[in-house]
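The structure appears below as structure tokens.
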Amino acid sequence: MSAVAPRVRFSPAPTGYLHLGGARTALFNWMFARHEGGTFVLRIEDTDAALSRDELVDGIQRTLRWLGIDWDEGPHRQSQRADAYRAAASRLFAAGHAYFCDCSRDAVQARTTGESGYDGWCRDRGLAAGVLRFRAPDDGQTVVHDVVRGEVTFEHTTIEDFVVQRTDGSAVFLLANAVDDADMAITHVIRGEDLLPSTPKVLLIRRALGVDEVPVFAHLPLIVNEKRQKLSKRRDDVAVEEFRERGYLPEAMRNHLALLGWSPGDDREVMSIEDMVAEFELADVKASPAYFDVKKLDAINGEYIRALPVATFVRESLPWLETDPPWPPERFDLAVFEAVAPLVQERARTLAEVPATVDFLFLEEPVVDPVAWDKAIGRSPMAGALVDDAITAYRDCHWDTDELYRVTAEMAERHGLKLAKAQAPIRVAVTGRSVGPPLFESLHVLGRERTLERLQRARDCVPPSSS
RNA sequence: GGCCCCAUCGUCUAGUGGCCUAGGACACCACCCUCUCAAGGUGGCGACACGGGUUCGAAUCCCGUUGGGGCUGCCA
């Protein structure tokens, strides 16, 4: 491609959080830059005063870092480059490429034709104030060369005289975008497909400003919801921060995002970021929209969780165990959690699932799943006898996993039951649930005393007739 | 309405004219393993939107139709 190292930018509007589409766009820009040995620029598009708040920008940076996406330049703030945009606007006006317009919103509406929008009524009125509109060419066409979409042609007759500067003198994103990409020598514009229709306008501005170079464009397919619509804040869960809070690992998030619209070309899916960077090519990006499937994210996240060193898993789980836990905080015992961590790790798809898997260890009394209780104890004719036997056997046996297994298996045999059946009431009595970590390890960690207490309590609840 | 984009299993995708009776992954189902649940293993279900071309040959190229989507703001 180009002899010079590419320069790309991720230029989000600060809306208070980083959404999935933005994260994917950032990731693709970043992977491209790293693959090509180029420069990744972070630029905040906050020309709208309402968006120009520091905390909104901080959130984006924090989330990008969480995802492992770092930048080489910036963050540049468009809110701080007003002078450059004003100068550019003046040049457009002076050269006759733009004119002022004082049409009200209603007037513009009235003058909007089906084919090409605003009809340019103010073009020759010689106004000196108002919004500044770009004088779109009346004929000809602009061709956008797009790496993922090929050549896209826009007839100039379909491009209206669009606004480049607001009444208050601030630049609209089209202008700011054109000026910044030129000033920052951006070579590849990689962004969402929703920006494709605005591309000829930006190109027109650049040309009017005397910029000859044209960046390479790559319009990425949209990420859509189950109804195949562009993800929106209102109706969809789109904040990356929220996925973080739901217990997803950044590596899994990043991996899944990378697979939306791109693949390495073979059967690999779960792969390291290094491998993704090594394989990433803009030309391999697909053109069709992709649905963000949380089920698949869950599966990928589970794989990443299982691949963690146990100590890392414990550390990553801590926020979920210490912040607003389902048990009294003082009852939590890190050593106990560490003892069962490998068993929990094997089963968790998200870190958020961890507390409920181990809550029986830290609660005075376990959370009882009524359906499980009813099935394993309430309506089980053998439950009373099994629990009685367990109490007897567990009172005197060696308190270790193998021994617990052995005496329980013996007990099952005495009753002519499979161990799977025989352990059910014990599990529910002690953990409150029918599913969970392996039972005998759980009992071992819980301790004899508390195990017996819970079994006795369950025994007291069993109707006499059932024993 | 106008302009533009898109179209392979339910989903994410491989496929760039013959290797395709279309491969993988997630999800789902069955079986195996097994103290529950997971994990793992095996197998199953399941797609080239439709119609015309081009070609010896089309999921792959072209045209049309249909369907979906994006844009159409003094938001970006």
Side-chain angles (χ1 to χ4, degrees), chain A residues 11-15 45-48 50-51 78 101 103 105 108 112-118 130-133 144 146 148-150 152-155 157-160 162-168 170-174 176-177 191-200 219 221-222 224 226-230 256 259-270 286-300 302-303 306 343-349 357 372 376 404-405 408-409 412 418-424 426-428 431 433-442:
Chain A
S11 48
T15 53
E45 308 226 326
D46 56 352
T47 57
D48 187 327
L51 300 178
Q78 290 191 327
C101 165
C103 291
R105 195 184 183 82
V108 171
T112 293
T113 64
E115 196 186 343
S116 62
Y118 178 69
V131 294
L132 191 66
R133 285 183 184 278
V144 176
D146 191 289
V148 339
R149 273 147 232 286
V152 184
T153 303
F154 294 88
E155 294 294 334
T157 53
T158 67
I159 299 176
E160 80 284 5
F162 52 90
V163 174
V164 293
Q165 188 184 56
R166 303 184 184 97
T167 306
D168 67 3
S170 65
V172 156
F173 107 100
L174 289 166
N177 196 277
R191 34 133 68 154
E193 185 197 346
D194 50 340
L195 272 331
L196 185 54
S198 73
T199 306
H219 284 93
L222 257 22
V224 299
E226 59 288 339
K227 287 158 77 179
R228 305 249 112 211
Q229 298 164 316
K230 180 169 90 163
H256 186 234
L259 262 14
L260 261 29
W262 176 80
S263 90
D266 50 37
D267 290 340
R268 281 177 295 170
E269 288 200 328
V270 174
K286 272 180 59 96
S288 47
Y291 169 60
F292 187 88
D293 188 356
V294 179
K295 286 267 184 58
K296 181 127 181 175
L297 208 213
D298 284 341
I300 293 174
E303 276 204 53
R306 272 174 262 130
L343 306 173
V344 176
Q345 181 176 9
E346 180 81 7
R347 290 160 175 75
R349 291 165 83 78
T357 310
L404 285 164
Y405 176 98
T408 311
K418 293 208 169 195
L419 184 50
K421 282 283 183 196
Q423 59 92 46
I426 300 169
R427 173 183 294 281
V428 175
T431 73
R433 297 189 171 87
S434 59
V435 302
L439 183 61
F440 306 114
E441 279 89 343
S442 298

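Keep in mind that this is a model prediction, so the values were computed, not measured. Below, read A as the first sequence line, B as the second, and so on, with proteins coming before strands; counting in each chain starts at 1.
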Heavy atoms under 4.0 Å, any strand shown: does A:Ala420 hit a base, just sugar-phosphate, or nothing? sugar-phosphate
With 3.5 Å as the limit, what N/O pairs link the protein to nucleotides 23-27 of chain B?
unit_1 : atom_1 : unit_2   : atom_2 : d
B:G24  : N2     : A:Glu269 : OE2    : 2.7
B:A25  : O2'    : A:Glu269 : OE1    : 2.6
B:A25  : O2'    : A:Lys296 : NZ     : 3.3
B:A25  : N3     : A:Lys296 : NZ     : 3.1
B:A27  : OP1    : A:Arg349 : NH2    : 3.1

Which part of the nucleic acid, if any, lies within contact of A:Thr408, taking any heavy atom under 4.0 Å across all strands shown: a base, the sugar-phosphate backbone alone, or nothing? nothing
Between A:Asp266 and A:Arg268 (salt bridge meaning N to carboxylate O under 4.0 Å), is one present in this structure? yes
So what does A:Thr47 hit on the nucleic acid, given a heavy-atom distance under 4.0 Å: a base, only sugar-phosphate, or nothing? sugar-phosphate
C1' atom, B:C19 versus B:A30: distance in rounded Å? 32 Å
Taking only side-chain N and O atoms of A:Thr357, does any of them lie within less than 4.0 angstrom of OP1 or OP2 on B:C37? no
What is the separation between atom CZ on A:Phe154 and atom P on B:C3, rounded to the nearest whole Å? 12 Å
Between B:U72 atom C1' and A:Leu174 atom CG, what is the distance in whole Å? 12 Å
Report which part of the nucleic acid A:Gly130 touches: base, sugar-phosphate, or nothing (heavy-atom distance under 4.0 Å, all strands). nothing
Kindly say whether A:Leu259 contributes a backbone atom to a donor-acceptor pair with the side chain of A:Ser263 at under 3.5 angstrom? no
Given B:U13, B:C74, B:U36, the nucleotide with the shortest approach to the side chain of A:Arg427: B:U36
A:Arg149 CZ to A:Leu196 CG distance, which is reported to the nearest 0.5 Å: 6.5 Å
Under 3.5 Å, N/O pairs linking protein and nucleotides 59-69 of chain B:
none

A:Ser263 has a side chain; which of B:G70, B:U13, B:A38 sits nearest to it? B:U13
For A:Leu196 and B:G2, what is the distance between atoms CG and P respectively, to the nearest whole Å? 19 Å
Nearest to the side chain of A:Leu259, which nucleotide is it out of B:A76, B:C12, B:A7? B:C12
Side chain of A:Arg149, heavy atoms from C-beta onward: which of B:G70, B:A76, B:C5 has the nearest atom to it? B:C5
Please report the distance separating the P of B:A25 from the corresponding atom of B:G44, rounded so that it comes out in whole Å. 12 Å
Testing A:Thr167, A:Val108, A:Val172, A:Val164 for side-chain contact (heavy atoms from CB on, under 4.5 Å) with A:Val131, which one passes? A:Thr167
Value in whole Å for how far the P atom of B:A38 lies from CD of A:Gln423: 13 Å
Of the listed nucleotides B:C37, B:C74, B:U13, the one nearest the side chain of A:Ala290: B:U13
Heavy atoms only, 4.0 Å cut-off, all strands: where does A:Glu441 land among base, sugar-phosphate and nothing? base
Name the nucleic acid region contacted by A:Gly265, choosing base, sugar-phosphate or nothing; use a 4.0 angstrom heavy-atom cut-off, strictly under. sugar-phosphate
Results of salt bridge (charged side-chain N to carboxylate O under 4.0 Å, His left out) for A:Asp194 - residues two or more places apart only: A:Lys230
Considering every strand and a 4.0 Å limit on heavy-atom distances, what is the contact class for A:Ser434: base, sugar-phosphate, or nothing? base
What's A:Tyr291 touching, base or sugar-phosphate or nothing? Going by heavy atoms closer than 4.0 Å. sugar-phosphate
What integer distance in Å separates A:Arg306:CZ from B:C37:P? 16 Å
